[in-house]
Amino acid sequence: MDAHYRPDIIEPEAQQHWDEKQIFRATEDSAKPKYYCLSMFPYPSGKLHMGHVRNYTIGDVLARYHRMKGYNVLQPMGWDAFGLPAENAAIANDVAPASWTYANIDYMRGQLKRLGLAIDWSRELATCKPDYYRWEQWLFTRLFEKGVIYKKMATVNWDPVDHTVLANEQVIDGRGWRSGALVEKRDIPMYFFRITAYAEELLDGLDHLPGWPERVKTMQRNWIGKSFGVEIHFPLLPSPAGGRGAGGEGVSEPVLKVFTTRADTLFGVTYVAVAAEHPLAQRAAETNPALATFIHECKQGSVAEADLATMEKKGMDTGLKAYHPFTNEPVPIYVANYVLMGYGEGAVMAVPAHDERDYAFAEKYGLAIKPVIQPADATLELPLTAAYTEPGVLFDSGDFSGRTSEDAIDKIALVLKNLNLGEKRTTWRLRDWGISRQRYWGCPIPIIHCPSCGDVPVPEDQLPVVLPEDVKIDVGSPLKKMPEWSNCACPKCGGKAERETDTMDTFVESSWYYARYACPDNASAMLDARAKHWLPVDQYIGGIEHAILHLLYARFFHKLMRDEGLLGSENVRSSDGPHPNPLPPAGEGANDALRAPKTLNEPFANLLTQGMVIADTYYRDLGEGKKQWLNPADVEVRDGVHVLKADGQPVQVGGTEKMSKSKNNGVDPQALIDQYGADTARLFMMFAAPPEQSLEWSDAGVEGAHRFLKRIWAYAQRNQGSLSQGIKFLSSPDADQYWKQGSETTLSFRREIHTILKKAAFDLSKHQLNTVTSAAMKLLNLLEQSQSDVSNVADSIALQGGETPLLLNSQLMLRAEGFSILLRLLAPIAPHICHCLWKEIGYGVDILESDWPKVDESALVRDEIELMLQVNGKLRGKIRVAADADKAAIEQAALASIEVQKYMEGQPAKKVVVVPGRLVNIVV
RNA sequence: GCGAAAGUGGCGGAAUUGGUAGACGCACUGGAUUUAGGUUCCAGCGCCUUACGGCGUGGGGGUUCGAGUCCCCCCUUUCGCACCA
């Protein structure tokens, strides 16, 4: 054994051992229960960042822990390889997106391997390879034929200078990021997934995901946004006296349809507002140049909802009127920039008295504000100074006055229905998923446009539609300039036709990769029986930023694949059933596996959303509001001042922010691993913060983590002889006898060790890995303290292999047992050093094959316990009582305590609260 | 703007889930070892106070014998908002 801890030597050795034994290769034929542990796959941006290291370390710790607990673990890895950055890099560096991507993958794969992750690399996949995306195209054609995918117009950001569609990210302050031109909205045809058809199921499914964080489920529920409301028709012509109702066959009275969740406020409507794209607005604009100009203005700006919601609310009167369905009074129709054509009916009824946005709009344009709702137990103070948005009781509302909001909504809907002027409706905030992208580096949409047959899906035998990789990129997709690629024959009529040149949203690839890992080598089917074996994913780990979109799309795809019969027939719309691979017998820590039933119609049974990695920022003012951001690695503290290492001059300290290129505060994980080794990097990441919280980078913290590993190494090195002696006693048939002969000190050390282990097992079940790490540190502290309990005599005898006095056996056992618990507890977090020491000391050949340490409950038993004494809730003292003392005895002992009597000041106890095992509170 | 979370020493964080606030680590201070730097080891370390003691978990209020934890209001920060991944 080397005298010094040398990660540069032991880490490659351990990794070579795992490689040669193919120890992480997962097979389907194991008798053990399966555990599919998946971390979100990386986009191959160039090199790993700290967020990756954190994500994959968390996943690896859970994978290794479950392996030691006796599960058949699958942990795969792949590449989310299509996407916008490859096209930007291609323009910047004059390389093809494909070769840039493949080079990045090769480099990053090497980095991941250097981290020592327990990954089954035989299942690696990259979404930009035809053997992956061909199945996405295949599924697309099936869904297109089923009508789950359809085409319609949709609004995008249009750069009028570059003549390209822009991603929201590429719109900065309403302008294109390269051209600087004011962005416009433009309608183009796009393909859509009918995700709204699954809205109900996606919503209900959340109730069957106990292993998901509550906040993620809440966010998804709100995103799906089921709301019950009323569709109301505002006639566009005044009603002839006495009669209303349906028009004749196929002919209907012209109406303006709106949807509202607050039908109770209907009598407070003072105007209606329509989107700029609404047909009514368009028609009015034909004869109204000012309105036409305004509508054109509304077209400016991005389509991002955050922009739409924060922009100044503007509107203009169309001059048209709609007629109140009950009072028949005319109300003006406004065009408003905050009404979205793509949402609901593209029109809203406005009730300024009871809606904040409508109130502000009415104030601005001098529209009437008519209150119709008041609190149940009070009257409104008039005139209103702000919208009253709470439900209440109706007044000034015709026959409905006096009803509560809830009651009125039902009644109003009923009357409207009888008049054929509306009805109750359920609406969803969720919109269908538009997946067409006018970009090159993505999966081609497998559609052929034929002048006579229309949109024809590419037949199965012509798949995949291969994306040409050897291209030059400038502005716009090269596919649109490659007739040799896009010209083709119509599969139906054989006539001249053209391929679709749009590609798919990269979210499509990441919506099903988790299933393909089960069978990445299958060239004849998207999924096979192996997918049925491994799914659902038992533990999914990734950033909280994916809480809504990616996780919702993946859940949606799971249901699509199920309905295609791809996940095994018994998985189709079935309820819970027995698990084919039962859990190992319940024991300590058994609650850690929230195992999913195989029939769960969800892809991810348990979800862990890790926080981001943040770091300090430093900058120098360059004047004119410009800042030069300096990397933390180049900054140091001299005499309490932050200075740049290069010139020794002070720098400004910014905030602590997410590691990013723009703030230049990223710390390169490679440098960290090169300097300290993978185990230190992993240990620091796990220790510095609980997985779900953000993690603040700290060089000093890394030093601390490294110091701990060095201490472990030194301890093992120093005690090698007595540890192997202890191992012999532990495995001897007399072990129990030896424990019984242990000194009080030895037994109390052992009690502490097992208490720490028990707490660590509990923490692991909660995935609270920072306190598991601190448990390992506590164990080493204890073992070092207990050192003095074992005499030097014992050490030298043990080292010589001679007989030890009986009294010392338990002390040697304590060391050997404690250290073995420490190594096994730490093995998932710092696998290399634990692998090496386990073998060197002689615990066994491979720590991965050892059992997870068990708590010896008999070691936890104690005779006396300490109770806190409180007087009026304030801590005033402590007493020791027998562990089995009853309440009366405890109360008596507490009242007799000198500290308590001092603070009672002779007053009688009003009440005595005894919390067994914890405290006594005396109220005077 | 809407939706969701988080605020605890100088710092990262812990608190057996309503019962000893500050585990573990970092930083710092003192000491030992070392020619020195580094390393390693030992001790101390919430704030105020000479002390007795008091105060203390973003701010304000409430429930309770007892609140970091539960409820209400406010402030700040972070994440998401459908074409970044």
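Because only heavy atoms are used, hydrogens play no part in the values below, and waters and symmetry mates are left out as well, while side chains stay in. Reminder, nothing fancy here: chain letters follow the sequence lines and each chain counts from 1.
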Roughly how many Å apart are B/G66 and B/U20, using the P atom of each and rounding to a whole number? 15 Å
Let me know, please, whether A/Arg711 or A/Gly434 comes out on the 5' side of the other along RNA chain B by nearest nucleotide. A/Arg711
Any base atoms under 4.0 Å from A/His546, or only sugar-phosphate, or nothing? Heavy atoms, all strands. base
Check every strand shown and say whether A/Tyr43 touches a base, only sugar-phosphate, or nothing at a heavy-atom separation below 4.0 Å. sugar-phosphate
Which part of the nucleic acid does A/Met190 contact within heavy-atom distance under 4.0 Å: base, sugar-phosphate only, or nothing? base
Which side chain to side chain donor-acceptor pair (under 3.5 Å) pairs, counting each pair once, include a residue from residues 772-783 of chain A, with sequence neighbours left out? A/Arg711-A/Asn781
Students often get this wrong, so: under 4.0 angstrom with heavy atoms, is A/Ala775 touching a base, only sugar-phosphate, or nothing? nothing
By the Watson-Crick or G-U definition, both distances under 3.5 Å, B/G1 is matched with B/C81
Could you check which nucleotide pairs with B/U57 in any of the strands shown, counting Watson-Crick or G-U wobble with both distances under 3.5 Å? none
If every non-hydrogen atom of A/Glu356 is compared with every non-hydrogen atom of A/Ala387, which pair is closest and at what distance? N-CB, 3.8 Å
Closest heavy-atom pair and its distance - A/Leu709, A/Ala830: CD2-CB, 4.2 Å
How far does the P atom of B/G68 sit from the matching atom of B/U50, given to the nearest Å? 28 Å
Can you give each donor-acceptor pair under 3.5 Å made by side-chain atoms of residues 542-553 of chain A, sequence neighbours left out, with the distance rounded to 0.1 Å?
unit_1   : atom_1 : unit_2   : atom_2 : d
A/His550 : NE2    : A/Tyr540 : OH     : 2.7

Under 4.0 Å, heavy atoms only, any strand: does A/Leu84 hit a base, just the sugar-phosphate, or nothing? sugar-phosphate
Need the pair for B/A67. Rule: Watson-Crick or G-U wobble, both distances under 3.5 Å, any strand; none if unpaired. none
Using a cut-off of 4.0 Å on non-hydrogen atoms, how would the nucleic acid contact of A/Gly611 be classed: base, sugar-phosphate, or nothing? nothing
Apply side-chain contact (heavy atoms from CB on, under 4.5 Å) to A/Asn770 and list each qualifying residue two or more places apart in sequence or on a separate chain. A/Pro690, A/Gln768
Regarding A/Met777, tell me which of base, sugar-phosphate or nothing describes its non-hydrogen contacts under 4.0 Å with the strands shown. sugar-phosphate
Determine the contact category for A/Arg357: base if any of its heavy atoms lies under 4.0 Å from a base atom, sugar-phosphate if only primed atoms, P, OP1 or OP2 are that close, otherwise nothing. nothing
Acceptor/donor pairs from residues 909-924 of chain A side chains to any protein atom, 3.5 angstrom cut, sequence neighbours excluded:
unit_1   : atom_1 : unit_2   : atom_2 : d
A/Asn921 : OD1    : A/Gly873 : N      : 3.0

Base, sugar-phosphate alone, or nothing: which one does A/Leu308 contact when heavy atoms must sit under 4.0 Å apart? nothing
With the 90 degree cut-off around zero defining syn, does B/G10 come out syn or anti? anti
Scan every strand shown for a Watson-Crick or G-U wobble partner of B/U40, both distances under 3.5 Å, and answer none if you come up empty. B/A32
For A/Arg437, answer base if it contacts any base atom (sugar-phosphate contacts may also be present), sugar-phosphate if it contacts only those atoms, and nothing otherwise; contact means non-hydrogen atoms under 4.0 Å. base
What distance, rounded to whole Å, do you find between the two C1' atoms, one in B/U33 and one in B/C24? 26 Å
Find out whether the Lys NZ or Arg CZ of A/Lys152 is both under 6.0 angstrom from the six-membered ring centre of A/Phe192 and within 45° of the ring's axis. yes
In whole Å, what separates the C1' atom of B/A5 from that of B/U49? 40 Å
Ring pair (Phe, Tyr, Trp, His ring centres under 6.0 Å) partners for A/Tyr440, two or more places apart: none
Base orientation of B/U17, chi within 90° of 0 counted as syn, else anti, reads syn
Could you measure between the two P atoms, the one in B/G44 and the one in B/G25, and give it in whole Å? 13 Å
Taking atom C1' in both B/U69 and B/A15, what distance in whole Å separates the two? 10 Å
At a heavy-atom distance below 4.0 Å, which nucleotide of RNA chain B is the first touched by chain A, and which is the last? B/G1 to B/A85
C1' atom, B/A27 versus B/C75: distance in rounded Å? 30 Å
As an exercise, state the distance from CE of A/Met190 to CG of A/Asp505, rounded to the nearest 0.5 Å. 8.5 Å
What's the gap between B/A4 and B/C74 when it is taken at their P atoms, as a whole Å value? 15 Å
5' precedence on RNA chain B between A/Arg429 and A/Val216 (nearest-nucleotide basis): A/Val216
Across the strands shown, which category fits A/Gln438 at heavy-atom distances under 4.0 angstrom: base, sugar-phosphate, nothing? base
